[in-house]
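Below is one structure, written out as structure tokens; comments come after it.
We count ligands from 1, going down the list as the structure has it; atoms in each ligand are counted the same way.
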Amino acid sequence: MSLAGKHIIVGLSGGIAAYKTLSLIRLLVKNGASVKTVTTPNTLHFVTKLSLQTLSKNNVYNDVFSEVNDFSTEHISLADWADAMIVAPATANTIGKFANGIADDALSTTFLALNKPVFVAPAMNSKMYENPAVQKNLQTLIQRGIHMIEPPVGELACGDEGKGRMEEPEAIFECIAGFFLTESDSGKSFPRRRESPNDKGLTKGGNDGTDGQVDPAPTSSFHEKKILITAGPTHEAIDPVRFIGNHSSGLMGICIADEFANQGADVVLVCGPSAIASKNSAVKRIDVVSAKDMFEVCKKHFESADITVCSAAVADYAPKQIAGQKIKKKDENLVLELVKNPDILGYLGKQKTKKQILVGFALETENELQNAENKLKSKHLDMLVLNSLNDDGAGFGHQTNKISVLFANKEAKHFELKSKPNVAKDIVNEITHLYSVRAT
Ligand code: CTP
């Protein structure tokens, strides 16, 4: 993917994952981007200035009060020069500064001065990542339109297992390249600043102090069409404090809902427990917990839906009985009896009329295409999105996804690894084709 002509600031804060950012800089430069690096003072404990200079082919900006610059205010001229910024690794400290407008080093001053798209790839111990203060700061940034590159689950530098490890350089590169690809395809920036009567014409955005919401397109093929989407995991209660769940973050379905709403559709998103906010405030989001709750809400909205996309990772089984009190530890073994949950997609497939379009998802670990074909047929689907756990960067806990799309009446299509917002665009695009054929 060419990034020729793009100016990208790579910001590094002081974490061990900074070594991976050297590969990211190489990838960006190799693909034609001009790169300038900005660091905090602590970054240089982990990587050297010489490595950053050599790989980026530019000076490193790391000192706000340096005497050697050319009398320009460096963080301002850098911000003017850039088309986008990626901050990787972003430590809890740097994320806290970004969220709260603190500017006390080269990186945080550059961030504050920038009104261009910003990508943030957090990196820290999972306990720090899960801390409510860090989560709140991340949510603040997401709501302001920052592109968050969520850490995958895996082994951390301290030896712990969990969520907090910085995403791999290749996946971060895909997010940035995918962003510019979409921008050039559609001729618009994403996310865009909402126009207010006082700031007409200011449409470039990202880190601009707004809520990062995306303007719905004025007219489109989905104007006034009703779309029902399921997303996220479901949690099946065992007792008042425990549940059976899965690793789905809900991001893929939330991106699909945003994309439909951006195109003017009337979207109902039925979402299991997820910390990710919808970007488009036009999405009518109904938060649910269990598969049974999700099923009830879907039954209510399905009949009036023109298109339904079931992307939720619904738990197939739930405990037969939910204990009224916390189960105390007693014997060596504990046996839970589970009963089958309703198959929401299967049920909707049986109800659907010829006019309605029904799309399912499948996450497979073996015999992917064959299992997906079977699901497409047995659940009476018009389209099925397959992601395989065997593909790097695809599926749960990643900012990126790699999909194949299978249809009831035509050849399957295979797509490259892309950021989830861009995968959502591909999915909506395929549904647009199906829908336009159905409508004629
Ligand atoms: N699905 C659903 N309700 C369920 C289970 C799955 O609506 N109780 C939907 C998912 O949202 C997805 C599709 O069915 O769109 C396939 O989900 P998946 O878990 O891959 O398949 P299952 O039908 O559960 O079959 P299996 O787990 O045996 O592969």
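The shortest N or O to N or O distance between Gly360 and ligand 1 is not under 3.5 Å. For ligand 1, the polar-atom distance check against Lys375 finds a nitrogen or oxygen pair separated by under 3.5 Å. The N/O atoms of Ile344, backbone and side chain alike, include one that comes under 3.5 Å of an N/O atom in ligand 1. Checking only distances, Lys379 does come within under 3.5 Å of ligand 1, N or O to N or O. For a threshold of 3.5 Å applied to N or O pairs, the pair formed by Phe361 and ligand 1 contains at least one separation below that value. Backbone and side-chain nitrogen or oxygen atoms of Ala313 are examined, and none is located within less than 3.5 angstrom of a nitrogen or oxygen of ligand 1.
Compare Leu345, Asp316, Thr230 by their heavy atoms: the one nearest to atom 24 (O) of ligand 1 is in Asp316.
Here the OG1 atom belonging to Thr230 is positioned 13.0 Å from the NE2 atom belonging to His301, to the nearest 0.5 angstrom.
Under a 4.0 angstrom heavy-atom cut-off, Ala291 registers as lying outside contact with ligand 1. Contact between Asp343 and ligand 1 is present, with at least one heavy atom of the residue lying under 4.0 Å from the ligand.
Each of the atoms 20 (O) of ligand 1 lies under 4.0 Å from some heavy atom of Ala362. The Cys310 neighbourhood of ligand 1 comprises atoms 11 (O), 12 (C), 15 (O), with distances under 4.0 Å to a heavy atom of that residue. With ligand atoms numbered from 1 in the order given, ligand 1 contributes 3 (N), 4 (C), 8 (N) to contacts under 4.0 Å with heavy atoms of Pro342. Numbered from 1 in the order shown, with element, the atoms of ligand 1 that lie under 4.0 Å from a heavy atom of Ala312 read 10 (C), 11 (O).
By the definition of a contact as any protein heavy atom under 4.0 Å away, atom 17 (O) of ligand 1 is in contact.
A donor-acceptor contact closer than 3.5 angstrom links the side chains of Glu259 and Gln263. Donor-acceptor pairing under 3.5 Å is recorded for the side chains of Thr234 and Glu236.
Looking at Asp306 and Lys355, no side-chain N of the basic residue comes within less than 4.0 Å of a carboxylate O on the acidic one, giving no salt bridge. Ion pairing between Lys226 and Asp266 holds under the 4.0 Å rule for side-chain N and carboxylate O.
At a heavy-atom distance under 4.0 Å, only backbone atoms of Leu363 (N, CA, C or O) approach ligand 1.
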